[in-house]
Amino acid sequence: MSELTREQKFEIYRLLRLNRTLEEKLVNLYRQGKVVGGLYRSLGQEATSVGTAYALSPGDVLGPLIRNLGSVLVMGFSPRDVLAQHMARASSPSGGKDCNLHFGAPERGVISSISMLGALVPVMAGIALGARLQKKNVVAMTYIGDGGTSTGAFHEGLNFAAVQKLPLVVVAENNGWAYSTPFKKQTAARCLADRAAAYGIPGETVDGNDVLAVYEAAKRAVARARAGDGPTLLEAKTYRMKGHAEHDGQAYVPSEELAEWAARDPLEAYSRVLAAEGLATADDLGAIDAVISERVEADASAVEQSPFPAPESALEGVYARKVADAEPAVARRRS
Amino acid sequence: MSELTREQKFEIYRLLRLNRTLEEKLVNLYRQGKVVGGLYRSLGQEATSVGTAYALSPGDVLGPLIRNLGSVLVMGFSPRDVLAQHMARASSPSGGKDCNLHFGAPERGVISSISMLGALVPVMAGIALGARLQKKNVVAMTYIGDGGTSTGAFHEGLNFAAVQKLPLVVVAENNGWAYSTPFKKQTAARCLADRAAAYGIPGETVDGNDVLAVYEAAKRAVARARAGDGPTLLEAKTYRMKGHAEHDGQAYVPSEELAEWAARDPLEAYSRVLAAEGLATADDLGAIDAVISERVEADASAVEQSPFPAPESALEGVYARKVADAEPAVARRRS
Amino acid sequence: MSETAYVDAIREALFDEMERDERVFVIGEDIGVYGGAFKVTDGLLARFGEHRVIDTPISETAIVGAAVGAAMMGMRPVAEMQFADFASCAFDMITNFAAKSRYRTGVGVPLVVRGPSGGGVHGGPFHSQNPEAYFAHTPGLKVVQPSTAYDAKGLLKSAIRDEDPVIFFEHKFLYRRVKETLPPGDWTVPIGKAAVRREGRDLSILTYGAMVWTALDAATTLESEGIDAEVVDLRTLFPLDEETIVASVAKTNKAMVLHEATRTGGIGAEIAAVLSERCFEYLDGPLLRITAPDTPVPFSPPLEEFFLPNAEKVCRAARALAGY
Amino acid sequence: MSETAYVDAIREALFDEMERDERVFVIGEDIGVYGGAFKVTDGLLARFGEHRVIDTPISETAIVGAAVGAAMMGMRPVAEMQFADFASCAFDMITNFAAKSRYRTGVGVPLVVRGPSGGGVHGGPFHSQNPEAYFAHTPGLKVVQPSTAYDAKGLLKSAIRDEDPVIFFEHKFLYRRVKETLPPGDWTVPIGKAAVRREGRDLSILTYGAMVWTALDAATTLESEGIDAEVVDLRTLFPLDEETIVASVAKTNKAMVLHEATRTGGIGAEIAAVLSERCFEYLDGPLLRITAPDTPVPFSPPLEEFFLPNAEKVCRAARALAGY
Ligand SMILES: Cc1ncc(C[n+]2csc(CCOP(=O)(O)OP(=O)(O)O)c2C)c(N)n1
Ligand SMILES: Cc1ncc(C[n+]2csc(CCOP(=O)(O)OP(=O)(O)O)c2C)c(N)n1
Ligand SMILES: [Mg+2]
Ligand SMILES: [Mg+2]
């Protein structure tokens with residue numbers, strides 16, 4: 001079923017591992033007080049990010065949310081970018097203007113979200129629309145949490161995309177929780193894929209912890225989009241293994257749930273697949289892991305030594321051309 | 001199937017007829033330049049308004065839109081209220097502050113919408129919520145057009161109501177058009193009832209031109225709400241026989257569609273039912289019609305002779321207690 | 001040569017820009033087959049096809065959101081709000097996504113959100129609003145409101161060519177009431193520049209939109225009373241053309257602001273602040289604001305008339321000011 | 001007696017009002033089991049149950065909409081925006097439904113929308129905004145922002161008891177940084193009344209929220225330089241307490257406005273207008289605005305520090321003003 005090459009399967013492994021190792025490093029830095037602001041984890045959800053983004057082709061455009069660390073890595077942003085963002089450095093993709101994974105560049109295939117959940121869905125529909133107007137064969141992919149599907153923006157964006165048959169894949173990342181709010185208090189629908197009927201588009205649910213299954217499902221959705229068959233709502237069932245952010249001990253989460261999902265760790269599962277297919281031994285993977293760890297450590301030190309942005313740059317970049325001074329002009333004296 | 005009494009069936013007829021006759025009078029007044037602002041017709045949709053609102057019980061609360069003239073009549077607002085609103089008179093329920101059917105009073109079971117489509121859905125969810133908090137057994141009912149279902153507010157409101165299992169009935173009035181936009185450009189869903197799946201609530205489609213069918217379906221939805229089984233999305237398939245407003249000649253509407261639906265006029269259909277059931281001859285109904293016409297004429301003259309609001313009342317009623325003057329205070333002179 | 005109405009000037013700007021630059025497209029409710037609630041986009045569909053003239057569902061957030069995305073892809077979207085009042089339904093998208101994108105991520109969002117604002121046509125509380133001050137308080141946006149057909153065309157062209165998001169308020173009262181002969185060819189009116197509509201020595205009336213005409217009316221009356229009013233049409237509301245404002249007030253030494261939007265926190269407030277900061281030494285009298293009162297826009301004609309500023313109210317204030 | 005932090009004062013107000021009046025309930029995201037992102041509602045669920053402490057989906061429009069409906073039914077909802085920034089997602093509901101209901105139809109909507117605003121905690125562009133001016137430009141709303149624990153409690157109680165919709169901005173920087181001993185019993189702080197936090201003769205610093213503390217800091221420094229600053233805490237931003245403002249400026253003859261929100265169109269602009277209109281004869285110097293510049297709120301600490309007003313910037317302006 002999977003047409004992935006051996007090399008691709010390794011690449012997927014490396015991406016999953018990089019996602020996790022980099023995040024562990026961020027946790028470390030966070031505990032040392034070196035991360036500015038909050039830290040939002042993707043632990044346990046790596047397969048959803050990596051599997052979906054991996055289904056895109058060059059030229060496609062992705063709109064990640066804050067837990068899609070794996071996705072931005074797939075799209076070619078580097079650990080340094082991510083580290084610099086979290087440490088608010090001048091060299092960060094946002095130049096220190098915004099936090100966490102809020103960065104992007106259309107020409108690099110990544111669109112930066114704003115914090116307001118749902119807002120990215122209409123914008124990514126616009127990406128698809130813009131590309132189509134330019135006769136580019138671009139697929140747009142974005143994410144939405146179980147919580148985010150309750151927003152009006154999600155609804156308007158997906159409905160519009162469906163009417164326009166835009167090449168858009170919306171990955172509904174159902175990790176069971178929206179901050180402290182469980183799925184049942186978010187919606188009375190049985191699952192997020194059920195929301196697709198409202199838009200007359202295909203809805204599908206996939207095991208979000210099985211990276212190959214995610215990849216296959218995403219590949220199908222991407223193919224539909226590329227063929228002109230319009231958007232897909234792809235629900236990835238996964239689980240948020242940590243609190244909403246590092247400050248949140250998630251006392252409200254039942255421990256049985258956590259235990260159950262811990263047993264379904266996507267990296268371990270994928271390692272087993274690689275082993276079962278005879279592609280890699282634990283040692284092979286260990287060697288990969290070591291290389292990644294080393295790289296992340298090196299990148300982190302480099303970023304730690306890099307400067308913060310110059311204070312005055314706070315005034316720059318509001319408009320393409322500067323239109324106003326920050327300080328009020330002095331009062332003119334009557335001559 | 002219908003448990004309506006003979007008297008109720010006549011009452012429904014009178015309401016349908018009053019809706020139509022009053023609206024014809026408004027058209028008349030509009031052509032004479034006596035209606036202020038636009039005139040939004042409900043021609044051909046009377047059965048949806050009357051049939052749904054008629055399913056409510058005393059104490060229930062309704063949130064009508066601008067085409068639900070029949071509904072506000074069912075709820076007990078008078079032709080005078082409606083005429084005074086359209087003629088912007090002091091005696092209108094809004095005191096001339098707002099237009100068309102933008103009026104209401106919770107204690108009279110009617111909530112005034114704002115123009116922004118969809119906004120009433122969360123508000124009516126709030127009505128249901130408020131009533132439940134007061135341990136009142138109130139059902140809230142509101143309307144949304146095919147166009148209005150594309151708004152984020154509709155989505156947020158219905159999703160919230162579903163999670164809270166609020167006693168809310170949302171009547172999706174699918175009249176084929178939203179201004180000049182046909183259903184197909186509004187949504188890729190097959191029908192509006194399909195949107196219900198997104199919220200895990202029952203969705204049902206009914207012939208919106210068959211007043212008894214509408215009534216029965218609404219009755220079921222109201223019963224579910226009252227029993228604590230949560231919201232229903234009830235789609236009434238009907239047709240907008242006139243333009244978006246009187247200024248709109250609806251050149252964009254295919255004439256075959258109009259002809260097809262003209263043959264399904266809800267008043268004529270209901271008259272045939274009454275005749276077939278042996279309840280009323282054409283003469284009986286004609287007599288009713290005459291009484292209604294006379295009343296509407298009399299009300300219209302009375303309203304025409306009634307005064308416009310006092311100009312200064314423009315400043316009143318922003319707050320419960322006056323907090324600020326309209327005119328800037330004069331500059332104080334240094335003593 | 002025949003005269004062009006304000007509404008037609010806007011259509012011409014759209015038409016010309018779509019001809020000139022294939023990145024330009026329009027998106028909104030009922031703008032295609034129907035040509036828009038006010039017929040602003042009439043004829044565009046026939047000329048440019050439904051790929052570039054996009055009728056949408058009733059989804060202001062999706063309309064502006066799609067414009068944001070398309071702009072990021074290099075397009076030049078012009079999004080219509082059927083009424084400016086409904087921009088409230090896209091408020092987050094406009095003020096948080098469009099306005100802040102360049103600053104946060106370096107990705108500019110050259111788009112225009114345009115639509116009819118203003119009262120005087122008995123549209124009631126939701127079809128008469130003047131929401132410009134909300135957007136003028138949002139760094140990253142530019143806010144424009146033309147008062148003439150010439151400016152309507154020239155400013156809209158500039159807005160479309162601008163690298164940043166521009167909120168373009170048309171005044172619906174002017175659509176068919178204001179006409180003039182427009183020069184041929186491709187010309188623009190710069191964003192950020194006010195225009196002195198009438199020179200005067202005694203006091204400055206700083207205004208914009210439909211109120212420019214009210215101010216000019218008032219100035220005529222005042223002239224007959226010996227008060228020589230200067231009328232400044234701001235045209236761009238954010239960023240304000242402080243130089244022109246200051247120059248006018250430095251000359252007349254007295255200023256009043258006139259706008260149709262409600263008083264508290266309106267554009268007049270910002271102008272008061274600019275004058276306080278920059279013209280303190282020049283002012284020989286208080287700055288007066290002639291605005292709508294702090295209420296929603298009432299529907300009934302006598303109420304709306306009472307609510308709206310008019311030439312008489314301007315004259316009354318001007319007389320008081322002249323007496324300083 | 002122990003001191004009560006600003007955040008706890010807010011919780012106490014909610015608790016007391018819910019005890020006092022069973023029409024009062026709270027609604028918002030993560031306010032129940034979790035007690036709110038800032039723990040403002042901690043403990044309310046345990047005391048009042050999930051009927052009156054309602055965790056919602058991520059739907060700001062539905063949250064405020066439900067509050068509007070419930071208020072119309074006679075309830076007294078208090079809706080939480082997890083961050084004030086997200087009020088943008090309920091903008092239409094707040095400014096068009098809640099604000100205009102009484103005027104349009106005579107049906108009052110007594111509700112409170114509250115949430116944390118303000119920066120200084122490196123929250124970035126979407127968790128640091130000060131959106132008060134948007135709402136202060138909306139007739140029908142009242143807008144409040146306390147600077148002390150006492151006011152936080154007293155004003156929130158007043159807001160809940162008010163017959164009209166009140167937008168209640170808490171400053172997240174103050175949540176745990178500001179404490180005081182609160183008197184027992186049931187007391188309120190009236191909406192619409194400013195407070196003079198420090199009397200002074202030389203100039204008036206008109207401010208609110210976290211900036212009150214900045215102003216007081218600055219005043220201490222200025223005192224050592226021989227400049228005696230009066231600090232006025234506006235507390236209510238709409239409607240403004242013009243009497244207190246005018247009285248202060250009539251005394252000091254010099255005024256500056258200090259706020260954390262961005263400059264153009266902020267509350268400072270409105271104050272400039274009020275002073276222009278009402279204090280022209282009293283002002284011996286220009287009104288200066290010390291505010292954030294017109295940019296989004298940047299994330300990185302050096303940027304945010306540069307962006308935010310501080311005591312030093314206030315002192316600099318005060319010295320310039322004193323020299324007039
Ligand atoms: C419109 C809006 N309201 C509230 C928030 C605050 N908020 C940030 S993340 C979050 C929970 C998101 O849950 P979900 O969408 O399921 O994504 P997850 O965190 O599980 O990945 C909330 C409420 C927000 N970002 N945007
Ligand atoms: C949020 C919003 N956007 C735009 C409009 C302008 N508008 C008024 S009615 C209408 C069409 C409504 O269509 P539909 O919901 O199907 O109701 P119908 O008119 O068919 O009864 C539009 C676009 C509006 N009232 N609200
Ligand atoms: Mg989630
Ligand atoms: Mg319709």
Side-chain angles (χ1 to χ4, degrees), chain C residues 60-61 85-96 99-100 103-104 124-126 129 131 133-140 238-240 255 257 261-281 283 285-289 293-296 298-299 324, chain D residues 60-61 85-96 99-100 103-104 124-126 129 131 133-140 238-240 255 257 261-281 283 285-289 293-296 298-299 324:
Chain C
E60 282 74 13
T61 289
D85 313 57
F86 301 140
S88 58
C89 299
F91 197 76
D92 179 53
M93 197 53 84
I94 297 172
T95 62
N96 283 318
K100 298 179 175 59
Y103 184 76
R104 296 192 308 110
F126 306 112
Q129 292 177 35
Y134 292 138
F135 302 101
H137 181 52
T138 307
F238 186 53
L240 283 171
V257 188
T262 56
R263 187 161 57 122
T264 300
I267 300 294
E270 178 58 26
I271 289 175
V274 169
L275 294 183
S276 301
E277 285 159 0
R278 301 194 55 184
C279 285
F280 174 71
E281 303 263 345
L283 279 170
L287 174 85
L288 297 186
R289 284 186 288 177
D294 282 340
T295 78
F299 166 61
Y324 254 82
Chain D
E60 282 73 14
T61 289
D85 313 58
F86 301 139
S88 58
C89 300
F91 197 76
D92 179 53
M93 197 53 84
I94 296 172
T95 63
N96 282 318
K100 299 179 174 59
Y103 184 76
R104 295 191 309 111
F126 307 111
Q129 292 177 35
Y134 292 137
F135 302 101
H137 181 53
T138 307
F238 186 52
L240 283 170
V257 188
T262 57
R263 187 161 58 121
T264 301
I267 300 295
E270 178 57 28
I271 288 175
V274 169
L275 295 183
S276 301
E277 285 158 1
R278 302 193 54 184
C279 285
F280 174 71
E281 305 262 344
L283 279 171
L287 174 85
L288 297 186
R289 286 186 285 176
D294 282 341
T295 77
F299 166 60
Y324 253 82

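Convention: sequence-line order gives letters A, B, ...; per-chain numbering from 1. Here the structure is a predicted model, which means the values were calculated and not measured.
- Heavy-atom pairs under 4.5 Å with chain C were tallied for D/Gly140, D/Gly266, D/Ala269; the largest tally goes to D/Ala269.
- When atom types are taken as modelled, the side chain of D/Glu270 and the backbone of C/Gly265 share a donor-acceptor pair closer than 3.5 angstrom.
- Between D/Asn96 and C/Asp85 the shortest heavy-atom distance is ND2-O, 4.2 Å.
- Neither the backbone nor the side chain of D/Thr61 comes within contact range of chain C; no heavy atoms are under 4.5 Å apart.
- In terms of heavy atoms, C/Leu283 sits closest to D/Phe280 at O-CZ, 3.3 Å.
- Between C/Ala273 and D/Ala272, the shortest heavy-atom contact is CA-CB, 3.4 Å.
- Closest approach of C/Asp92 to D/Ser88, counting heavy atoms only: OD1-OG, 2.9 Å.
- With a threshold of 4.5 angstrom between heavy atoms, D/Tyr103 approaches chain C through side-chain atoms but not through N, CA, C or O.
- Here the closest heavy-atom approach between residue D/His137 and residue C/Ala133 is recorded as NE2-CB, 3.5 Å.
- For the atom pair CD1 (C/Ile267) and OG1 (D/Thr264), the distance works out to 9.5 Å, reported to the nearest 0.5 Å.
- Looking at heavy atoms from C-beta onward, D/Phe91 lies out of side-chain contact with C/Thr95 at the 4.5 angstrom threshold.
- Contact annotation for D/Phe299: neither backbone nor side-chain heavy atoms come within less than 4.5 Å of a heavy atom of chain C.
- Taking chain C as the reference chain and counting heavy-atom pairs below 4.5 Å, the highest number among D/Thr138, D/Ile94, D/Ile271 is found for D/Thr138.
- For D/Phe126, the part sitting under 4.5 Å from any heavy atom of chain C is the side chain, from C-beta outward, and nothing else.
- Heavy-atom distances place both the backbone and the side chain of C/Pro298 under 4.5 Å from chain D.
- Only the side chain of D/Gln129 comes within contact range of chain C, judged by heavy atoms closer than 4.5 Å.
- Looking at D/Thr262, both its backbone and its side chain come within 4.5 Å of chain C, counting heavy atoms on both sides.
- Residues C/Ser276 and D/Pro286 approach most closely at O-CB, 3.0 Å, considering heavy atoms.
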